[in-house]
Amino acid sequence: MVIKAKSILNNREISWLAFNERVLQEAMDPSVPLIQRLRFVGIFSNNQDEFFRVRVASVKRIAALTPPNKKKSGEIYTPQELLREIQNRVLILQQKTEHTYQHILSEMEREGIVVVNEKELSESDVEWLQKYFSIHIRSKLIPLMLNKRTKLPLLQDDSLYLGIRMTHTTKERIAFKYAIIEIPSKTIPRFIVLPQTDKSNTQIIFIDDVIRLCLDRIFFMFEFEKIEAFAFKISRDAELDFDDDLSKSLMEKMKESLKKRPYGRPIRLVYDACTPHDLHWLIIQKLGIKADDNVIPGGRYHNLKDLMGFPHINPKLEDIAYQPHYHPELKLYSSILKVIKKKDIFLNYPYQTFTHFVDFLIESAMDPHVQEIYITLYWVANNSQVINALANAARNGKKVTVMIELQARFDEKANIHWSTLLQNENVKVLHGVEGMKVHSKIVLVKRMEGKKIKNYTYIGTGNFNESTAKLYTDFGLFTAHEGIAEDMEKIFAFLENPHLHFECRHLLVSPYQMRQKFESYIEKEIENAKEGKEAYILLKVNSLVDTSMIKLLYKAGNAGVKIRLIVRGICCLQPGVPGVSENIQAISIVDKLLEHARMAVFCNGGKARYIIMSADWMSRNLDRRVEVGTPVYDRNVQKVIRNVFEIQWKDNIKARYLSPYKLNDYVIRQGNEPIFRSQAELYRYFGELTTTDE
């Protein structure tokens, strides 16, 4: 069978927008607690911002270098066509977002939470807010007057602005004056809870509207009969460009490149659709927005990502956070290393606590027999206990080697800070491999036991970050398996000396062996299916994009291999297409926790291979990043991993189909099938494991 990519591959950017539509579906779902729905509007908005700063910016760069109507082999769109398609879909999503937001506000009113604007205030509210403005806001405003000669200073893509128009009428004519004000939402809460005079209602106002209320106090020196303010925001290309100066270190290049990021080309303007034409075009002219840029009309308020920080008013309208369970084998105030020495330990965050991992580092830092600690870091928490433990280990005389990825997008400044802090503590800090990001999540601890070194390792799917471990679902495996430890020693030796060649017997490492091993595992399933043996593949990833892997999955499905996929985000594979992917089923789960764990299971003739990994099946992960996956050998851990997948596969509340025929449709319960929400069931499952073992 000849597979034509055009007919069976989804476009990456369009698939990403489909994923973010699933996020918006959560905001539209009446079964989701009301304030949580509002926060999902914020998550959707934040995702859209990053999409434009990264993906749309990348497509624009390609479009600028590609002749019109020039289409790569297998591509559905030319770059120019793709930009138009993105614009069309974004406008539709923008309208849905505005409608959803207004609907949620109406429901909140019925619950006694009222978001008011500056025209809906009582006299006492006006007086209170004017005082609040004078004390907290006025000194942080820097109005900029606009005219034809004014050169606009740099406007940040993470900020929100008000365009101001003042109208003054004389006998001869109507005159206008214009200005811009940045809303200081980074230093002042975006939402202000008004003093409660009516016990039945809580009133909340945007800081935007407090500024609107006090415009006459800002522009008192001008004559005007009318003054108006209209919100707008811009998104800029966030790609970092590095120079080729060989005399500079990666950190020096990163610092210089970060200084240039704020000057990235504007790629999107979102504005209040009610903005007067003259003010709108003056802003466009001053920003240098081009005709082919995304200019998107919206509502009165932008930067709705701030809704993620909406005030906590009524706990009954909020989602109840899961209180993580302790692993039954890991007791508080007892040695984790002793447990790992006897058996493998599998953790699934946040159903189980990330504290176990932190305690593992703390114990290793204090244990007098631990001699060396190696770890890779990509994204850590603001007040990182992980960093503290590593610094403490160095103070206690351990040899500590930390690989910090400086190119972790939007966390570059923080990682430069952590690098400096750890270096000041005499930690050996590495900054990666030229041309590749180090995205692996691995730890190696070397402990002297008797006259020999005993190795303890951890391989995970998610960042060593206490904050995200409460919201992202991830896997982690502790093991003292010597073969895995030997492979990990090779990886860290490579990170210190990237010219070294190495081969791993157990671990799957990109960009060297991971793709080849996955290909061989799939080919084995194809071979077994053709021989009439049982053959299946289970795969859970965040993104499935790599064309070669997708075509191999199509080949496997057509050979009779049963394939089930759980893909949270981008999925360029089309499941259930007659003659192409009839043996492939795929779902996506979007719920209160962000699905982030990656795993694969191959039937392997009845001796199933279980793998957890840091890599998605994208070309960048398989070919241009250092990623690590580990086989899981422990039968009990294998059973837990399989149960996790099967529980998620049974979801009939938060699962959506990824078939092109019913894309983003919710999986519907069959007959008398009970309601099954996988994240709630997994929390119950790990709770029962803890209870049973206690």
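As a basis for the values below, the full set of heavy atoms in this structure was taken, side chains included, without hydrogen atoms, waters or symmetry mates. What you are looking at is a predicted structure, and each value in this text was computed from that prediction instead of being measured.
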Contacts of Lys562 meeting salt bridge (Lys or Arg N to Asp or Glu O under 4.0 Å) (sequence neighbours excluded), chain-then-number -> none

Kindly compute the distance separating CD (Glu466) from OG1 (Thr353), expressed to the nearest 0.5 Å. 10.5 Å

Can any side-chain N or O of Ser384 pair as donor or acceptor with the backbone N or O of Val386 at less than 3.5 Å? yes

Go through the side-chain N and O atoms of Thr457 and His481 and say whether any donor and acceptor fall under 3.5 Å apart. no

How would you list, by chain and number, every residue that makes a side chain to side chain donor-acceptor pair (under 3.5 Å) with Ser548, sequence neighbours excluded? none

Row check, Phe19 ring normal vs Arg568 NZ/CZ: under 6.0 Å, within 45°: yes

Side chains of Cys572 and Ile550, heavy atoms from C-beta outward: is any pair under 4.5 Å? yes

Before accepting this row, confirm whether a basic side-chain N of the pair Arg447/Asp367 lies closer than 4.0 Å to the acidic partner's carboxylate O. yes

I need the Leu471 CG to Asn465 CG distance, nearest 0.5 Å. 9.5 Å

With the threshold set at 4.0 Å, does a side-chain nitrogen-carboxylate oxygen contact exist between Lys555 and Glu527? no

Could you tell me if Arg22 and Asn664 have a donor-acceptor pair between their side chains, going purely by distance under 3.5 Å? yes

Residue pair Leu553, Ile563: steps toward the side chain to side chain contact (heavy atoms under 4.5 Å, CB included) verdict: CA-CA 8 Å; Leu553 289 173; Ile563 302 172; 4.1 Å; yes

Would you say the ring centers of Trp379 and Phe464 fall short of 6.0 Å from each other? no

With a 3.5 Å cut-off and no angle check, do the side chains of Asp474 and His596 form a donor-acceptor pair? yes

dist Arg12:CZ -> Ser619:OG (nearest 0.5 Å) comes out at 8.5 Å

Rounded distance [0.5 Å steps], CG in Leu682 versus CG in Asn643: 9.5 Å

Please walk me through it: do Lys60 and Asp237 pass salt bridge (Lys or Arg N to Asp or Glu O under 4.0 Å)? CA-CA 9 Å; Lys60 281 182 173 289; Asp237 185 337; over 6 Å; no

Has Glu525 got a side-chain atom pairing as donor or acceptor with Cys603's backbone, closer than 3.5 angstrom? yes

Treating Ser581 as the side-chain partner and Gly576 as the backbone partner, does any N or O pair qualify as donor plus acceptor under 3.5 Å? yes

Would you say the side chains of Glu523 and Tyr521 form a donor-acceptor pair under 3.5 Å? no

Side chain to side chain contact (heavy atoms under 4.5 Å, CB included) for Tyr685 and Val640? Distances and angles first, verdict last. CA-CA 10 Å; Tyr685 170 74; Val640 173; 3.8 Å; yes

I'd like to check Lys592 versus Tyr322 (side-chain heavy atoms, cut-off strictly below 4.5 Å). Are they in contact? yes

Less than 4.0 Å between a side-chain N and a carboxylate O, is that true for Lys650 and Glu681? no

Validation row, ring centre Tyr326 to ring centre His356 under 6.0 Å: yes

When the ring centroid of Phe686 is compared with that of His325, is the distance short of 6.0 Å? no

Is the distance between the ring centroids of Phe478 and Tyr456 under 6.0 Å? no

Are the side chain of Tyr374 and the backbone of Ala493 linked by a donor-acceptor contact shorter than 3.5 Å? no

Tyr633 side chain to Asp344 side chain, donor-acceptor N/O pair below 3.5 angstrom: no

Could you walk me through whether Tyr349 and Tyr472 pass the ring pair (Phe, Tyr, Trp, His ring centres under 6.0 Å) check? CA-CA 7 Å; Tyr349 316 117; Tyr472 292 22; over 10 Å; no

Could you tell me whether the side chain of Ser58 and the main chain of Val54 form a donor-acceptor pair under 3.5 Å? no

Is Lys454 salt-bridged to Glu482, cutoff N-O under 4.0 Å? yes

Does any N or O in the side chain of Ser588 come within less than 3.5 Å of the main-chain N or O of Val567, such that one atom is a donor and the other an acceptor? yes

Side chain to side chain, Met613 and Val541, heavy atoms closer than 4.5 Å: yes

Answer yes or no: are there more than 12 heavy-atom neighbours, outside Asn497 itself, under 6.0 Å from its atom CG? yes

When you measure from the side chain of Gln585 to the backbone N and O of Pro575, does any donor-acceptor pair fall under 3.5 Å? no

Given side chains that start at C-beta, do those of Thr401 and Ile375 come closer than 4.5 Å, heavy atoms only? no

Step by step, would you call Phe494 with Tyr512 a ring pair (Phe, Tyr, Trp, His ring centres under 6.0 Å)? CA-CA 12 Å; Phe494 165 74; Tyr512 301 106; 5.4 Å; yes

State, without any angle test, whether His327 and Gln352 hold a side-chain donor-acceptor pair at a distance under 3.5 Å. no

Any luck finding a side-chain donor-acceptor pair between Asn20 and Gln48 under 3.5 Å? yes

Test your reading of the model: is there a side-chain donor-acceptor pair from Lys470 to the backbone of Pro350, 3.5 Å cut-off? no

CA sep, side-chain torsions, deciding dist, call: Ser419, His431, side chain to side chain contact (heavy atoms under 4.5 Å, CB included): CA-CA 9 Å; Ser419 294; His431 287 142; 3.0 Å; yes

Is the Phe346 ring parallel, tilted or perpendicular to the Phe475 ring (thresholds 30°, 60°)? tilted

Under a 4.0 Å N-O cut-off, is there an ion pair linking Arg505 with Asp487? no

Set of residues satisfying side chain to side chain donor-acceptor pair (under 3.5 Å) with respect to Glu13, sequence neighbours excluded: Arg55

Backbone of Ile336 reached by a side-chain donor or acceptor of Glu363 within 3.5 Å: yes

Carboxylate-amine/guanidinium contact Asp546 Arg515, below 4.0 Å: yes

Start with the C-alpha gap between Val56 and Phe51, add the side-chain angles, then the distance that decides, and say whether side chain to side chain contact (heavy atoms under 4.5 Å, CB included) holds. CA-CA 6 Å; Val56 175; Phe51 175 70; 3.5 Å; yes

Any side-chain donor-acceptor pair under 3.5 Å between Gln648 and Glu595? yes

Any chance you could measure Glu627, atom CD, to Met618, atom CE, to the nearest 0.5 Å? 10.5 Å

Nearest 0.5 Å please: distance from the CD1 atom of Ile612 over to the CG atom of Leu477. 5.0 Å

Closer than 4.0 angstrom, basic N to acidic O: yes or no for Asp634 and Lys343? no

Taking only Lys NZ, Arg NE, NH1 and NH2, and the carboxylate oxygens of Asp or Glu, determine whether Glu646 and Arg642 approach each other closer than 4.0 Å. yes

Ignoring hydrogens and geometry beyond distance, is a side-chain donor-acceptor pair present between Ser15 and Asn10 at under 3.5 Å? no

Between Lys446 and Glu489, does at least one N-O distance fall below 4.0 Å, as a salt bridge requires? yes

Asn463-Lys441 side chain donor-acceptor pair, cut-off 3.5 Å: yes

Basic-acidic side-chain contact under 4.0 Å: Asp616, Arg598: yes

